J.: 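Below is one structure. I have some questions about it.
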Amino acid sequence: MNQGAILLVFLVFCGGMAAQWIAWRFRLPAIVLLFGLGLLLGPGLDVLHPSELIGPLFHPIVSLAVALIVFEGGMALDFRQWREAGEGILRLTLLALPINWVLGSAAAHYVGGLTWGPACLFGSIVVVTGPTVVLPLLRQAKLQPRIASFLRWEAILNDPVGAILAALVLEILLMRPDEGTGAFVIGILPQVIISLIVSIGLGISGGWAVRQLFVRDLMPEQLKMPLLLTLALALYALGSLFMDGAGLMAATVFGMALANMRVPGLGELQRMKESLVVLIVSLLFILLTADLQRVVLERLSWSIFALTCAVIFVVRPLGIYLSTIGSALSWSDRIFLGWIAPRGIVAAAVAGVSGIRLSEAGFVSAEFVMPAVFAVIAATMLLHGFSLTPLARRLHLTLSNVPALAIVGASAWSRNLAEVMIRSGTPVTLVDTAARGLVPARRAGVPVLHAEMLSEAGAESLEELPADYLIAATPDAIYNGMVCAHLAPHFGRARVYQVSPGIRRLDQYRGLSRDARGKVLGQPEWNFTLLDTLFADGWRFQALNVTAGTFETYARPDGSRLVLVTIRPGVGFSIQSAEDAQQEPPVVGDVLIAFVPSASATDMSEVPASS
């Protein structure tokens with residue numbers, strides 16, 4: 001391996017992971033950091049040239065990677081979402097796309113100064129909102145399920161449709177003048193129809209085949225993930241033989257078929273695939289951005305700047321307004337959808353190939369298609385990446401603006417814990433399989449969820465709640481561990497806790513392994529029986545305000561105070577666990593949620609803080 005290839009691998013992989021971690025740590029849009037890193041390494045410092053290092057295989061590799069991304073996105077499209085978001089999804093995919101194409105083409109001609117041919121191609125490219133950009137943003141934001149469904153479905157469905165539209169426009173533009181409309185009716189139009197039918201058929205057939213193999217136990221576990229990835233790539237390749245863009249349609253439909261055919265055993269595989277897609281997206285953004293030539297950037301002009309502004313501030317909002325007239329979408333939904341429309345990798349890839357073919361065919365201003373599309377991609381990623389969450393909060397389209405907690409198990413003491421935390425300003429939802437324990441909680445004003453957390457329906461219901469942390473607090477330690485292990489991929493393994501299994505030393509626990517349970521709530525000896533007994537003896541949870549002074553310890557040596565949660569108003573909260581390596585001491589202004597005897601509950605409203 002030559003030094004250039006080694007440098008490529010090091011910069012792309014290490015840089016991509018570093019950008020992802022920084023974005024997670026400081027709550028920044030990862031796509032913006034990846035985009036900036038690619039610009040820095042490529043056109044900026046001129047140290048990374050992926051197409052030169054990889055050669056002619058660069059663009060095919062990019063296309064296959066995009067196929068895996070849309071396949072994974074297709075698995076997130078559940079038809080049960082149509083009950084709440086069906087009308088909006090249809091309008092965004094069937095009405096908004098052609099309207100945006102017409103408006104975008106007109107803007108490219110009258111504002112950007114492109115001739116009609118390249119203008120129509122530009123309009124067909126920028127109609128797509130790429131899943132490579134939208135899906136990572138949705139993972140970071142806590143949007144309401146309905147508005148998140150709009151963005152998810154539009155991005156994933158419009159991506160292959162937009163690619164096919166761009167291919168269709170390109171073929172029409174490259175027709176010889178003597179061919180006339182007959183060539184379109186006889187040749188191109190039937191090819192498009194056949195390609196769509198074949199790609200949809202390939203995707204559904206692939207999903208059906210996988211289901212048969214999995215249901216009949218004809219595929220070993222270690223081959224299931226390779227099978228899915230291989231089929232996604234194979235279906236993409238077969239679809240692409242018929243028409244550019246049809247392969248993306250086949251891969252998307254394949255993912256949708258798996259999601260809606262209820263193929264067993266996909267839960268763990270999907271989590272692994274999501275991690276793989278995060279890596280692929282990181283690599284693609286850096287590679288494609290670094291591969292931009294400086295000559296493309298030099299073609300950026302005031303007319304392209306004006307065109308970019310027109311697409312962002314006029315074309316998209318007007319297209320959404322026209323396509324949603326008479327719909328049930330609220331004004332908040334329409335404003336949000338009219339603004340949030342980041343373009344991604346597919347738009348860049350299509351623009352690169354199509355612009356070159358038009359330039360070679362002699363179209364005037366075709367060389368400006370790629371820089372114009374690049375300007376839209378860059379501007380939308382920056383503007384929409386940083387504004388998505390603040391705008392959603394402003395329009396009240398988020399689940400919660402502060403960290404929230406879900407408690408599984410509606411016992412007397414867990415209901416008391418939920419009530420005290422809610423009074424302290426922390427959203428809490430109490431979850432149980434039995435309605436009997438939820439009735440008094442509902443009467444006390446605690447939000448409740450009657451569901452089984454180990455079921456598919458229960459997990460889906462929990463995703464619609466404003467929950468960032470989870471405490472499993474049932475009397476069954478094994479069940480608590482199973483709930484934490486099942487929901488750890490959703491919350492993050494560091495944010496799922498369970499009541500102690502009831503052993504003083506965790507290293508001697510012979511129950512579930514650490515990977516199959518959550519972190520211990522409080523100290524190892526604070527098991528369910530202890531908490532339940534103390535509650536019966538009159539202990540209650542109390543919100544203690546931390547004041548200046550010296551705070552000796554969270555849990556007093558004599559056991560007269562059991563601190564479970566530390567709330568920092570306006571910031572969030574932390575759950576105490578003996579398994580945390582370091583725990584920050586409370587500071588002035590914090591609120592401790594402590595379990596205290598009833599006799600002292602009225603006397604302990606304040607505790608001193610560490611100096």
Side-chain angles (χ1 to χ4, degrees), residues 80 83-84 142-146 148 396-477 479-480 482-484 486-487 490-491 495-499 518 521-522 528-529 531-543 562 564-565 567 569 572-573 575 591-596 598 601-602:
R80 284 176 293 184
R83 289 177 296 182
E84 292 186 358
K142 296 167 58 178
L143 298 181
Q144 295 175 2
R146 185 167 176 265
H396 305 290
L397 297 176
T398 55
L399 291 173
S400 175
N401 293 335
V402 295
L405 172 68
I407 302 177
V408 180
S411 62
W413 66 264
S414 66
R415 290 196 299 268
N416 179 226
L417 172 61
E419 293 173 18
V420 173
M421 290 194 66
I422 290 175
R423 288 199 296 268
S424 299
T426 299
V428 180
T429 301
L430 197 60
V431 185
D432 206 314
T433 57
R436 179 179 56 188
L438 298 176
V439 172
R442 184 184 292 109
R443 290 173 179 169
V446 176
V448 301
L449 173 63
H450 182 202
E452 169 57 71
M453 286 295 95
L454 296 180
S455 68
E456 183 179 356
E460 291 176 352
S461 299
L462 191 62
E463 290 180 357
E464 300 179 2
L465 298 175
D468 302 275
Y469 295 81
L470 178 134
I471 296 177
T474 74
D476 189 337
Y479 178 79
N480 290 339
M482 293 174 64
V483 168
C484 289
H486 182 63
L487 296 175
H490 172 70
F491 289 96
R495 293 189 172 194
V496 290
Y497 298 78
Q498 69 175 91
V499 176
L521 177 67
F528 183 91
T529 302
L531 297 173
D532 202 44
T533 301
L534 292 177
F535 187 86
D537 291 341
W539 285 50
R540 295 295 183 268
F541 282 98
Q542 180 86 0
L562 310 182
L564 268 64
V565 180
I567 299 176
F573 63 90
I575 300 174
V591 177
L592 306 182
I593 306 300
F595 204 32
V596 298
S598 59
T602 57

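Quick caveat, the model's predicted, so the values are computed rather than measured.
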J.: Can you name the nearest heavy-atom pair linking Met453 to His486, along with the distance?
T.: O-CD2, 3.2 Å
J.: Please list, chain by chain and in numerical order, all residues satisfying ring pair (Phe, Tyr, Trp, His ring centres under 6.0 Å) with Tyr469, sequence neighbours excluded.
T.: Phe573
J.: In chain order, what residues pass the side chain to side chain contact (heavy atoms under 4.5 Å, CB included) check against Ala435, with sequence neighbours excluded?
T.: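 In terms of side chain to side chain contact (heavy atoms under 4.5 Å, CB included), with neighbours along the sequence ignored, Ala435 is linked to His450.
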J.: With the side chain counted from C-beta on, respond yes when Thr426 and Val565 share a heavy-atom pair under 4.5 Å apart, and no when they do not.
T.: no
J.: For Ala472, give me all partners under side chain to side chain contact (heavy atoms under 4.5 Å, CB included), at least two apart in sequence or on another chain.
T.: Leu470, Asn480, Cys484, Gln498
J.: Provide the closest heavy-atom pair for Val591 versus Pro569 in the form atom of the first, atom of the second, distance.
T.: CG2-CG, 4.3 Å
J.: Treating Glu419 as the side-chain partner and Gly445 as the backbone partner, does any N or O pair qualify as donor plus acceptor under 3.5 Å?
T.: no
J.: Contact between Val483 and Tyr479 at the side-chain level, heavy atoms closer than 4.5 Å - yes or no?
T.: yes
J.: Do Leu534 and Leu562 make a side-chain contact, defined as non-hydrogen atoms from C-beta onward lying under 4.5 Å apart?
T.: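 Of all side-chain heavy-atom pairs linking Leu562 with Leu534, at least one is under 4.5 Å.
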J.: Would you compute the distance between atom OG1 of Thr474 and atom CD1 of Ile407 and round it to the nearest 0.5 angstrom?
T.: 12.5 Å
J.: If a pair satisfies ring pair (Phe, Tyr, Trp, His ring centres under 6.0 Å) and one of its residues is in residues 424-449, list it, with sequence neighbours excluded.
T.: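 Not a single pair qualifies under ring pair (Phe, Tyr, Trp, His ring centres under 6.0 Å).
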J.: Once rounded to the nearest 0.5 Å, what's the spacing between atom CG of Leu430 and atom CZ of Arg415?
T.: 7.5 Å
J.: To the nearest 0.5 Å, how far apart are CG in Leu405 and CG in Leu417?
T.: 7.0 Å
J.: Using the ring of Phe595 (Phe, Tyr or Trp, six-membered ring only), decide whether Arg540 places NZ or CZ under 6.0 Å from its centre and within 45 degrees of its axis.
T.: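 Arg540 over Phe595 ring: no.
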J.: So, for Val499 and Ala473, which heavy atoms are closest and what is the spacing to 0.1 Å?
T.: CG2-CA, 3.6 Å
J.: Name all residues meeting the ring pair (Phe, Tyr, Trp, His ring centres under 6.0 Å) criterion together with Tyr497; count only those two or more places apart in sequence or in a different chain, and write none if there are none.
T.: none
J.: Ignoring hydrogens, what is the shortest heavy-atom contact between His396 and Gln144? Give both atom names and the distance.
T.: O-NE2, 3.0 Å
J.: Looking only at heavy atoms, which two atoms of Asp468 and Pro403 are closest? And how far apart?
T.: OD2-CA, 3.2 Å
J.: Once side-chain hydrogen bond (donor to acceptor under 3.5 Å, both in side chains) is applied, do any residues pair with Ser411, and if so which ones, sequence neighbours excluded?
T.: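 Applying side-chain hydrogen bond (donor to acceptor under 3.5 Å, both in side chains) to Ser411 gives Trp413, Ser414.
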J.: Looking only at atom types and distance, does a side-chain atom of Asp432 sit under 3.5 Å from a main-chain N or O of Ala410, one as donor and one as acceptor?
T.: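 Judged by distance alone, yes, a pair lies under 3.5 Å.
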J.: For the residue pair Ile422 and Val428, establish whether any side-chain heavy-atom pair is separated by less than 4.5 Å.
T.: yes
J.: Ignoring hydrogens, what is the shortest heavy-atom contact between Ala418 and Val446? Give both atom names and the distance.
T.: CB-CG1, 4.0 Å
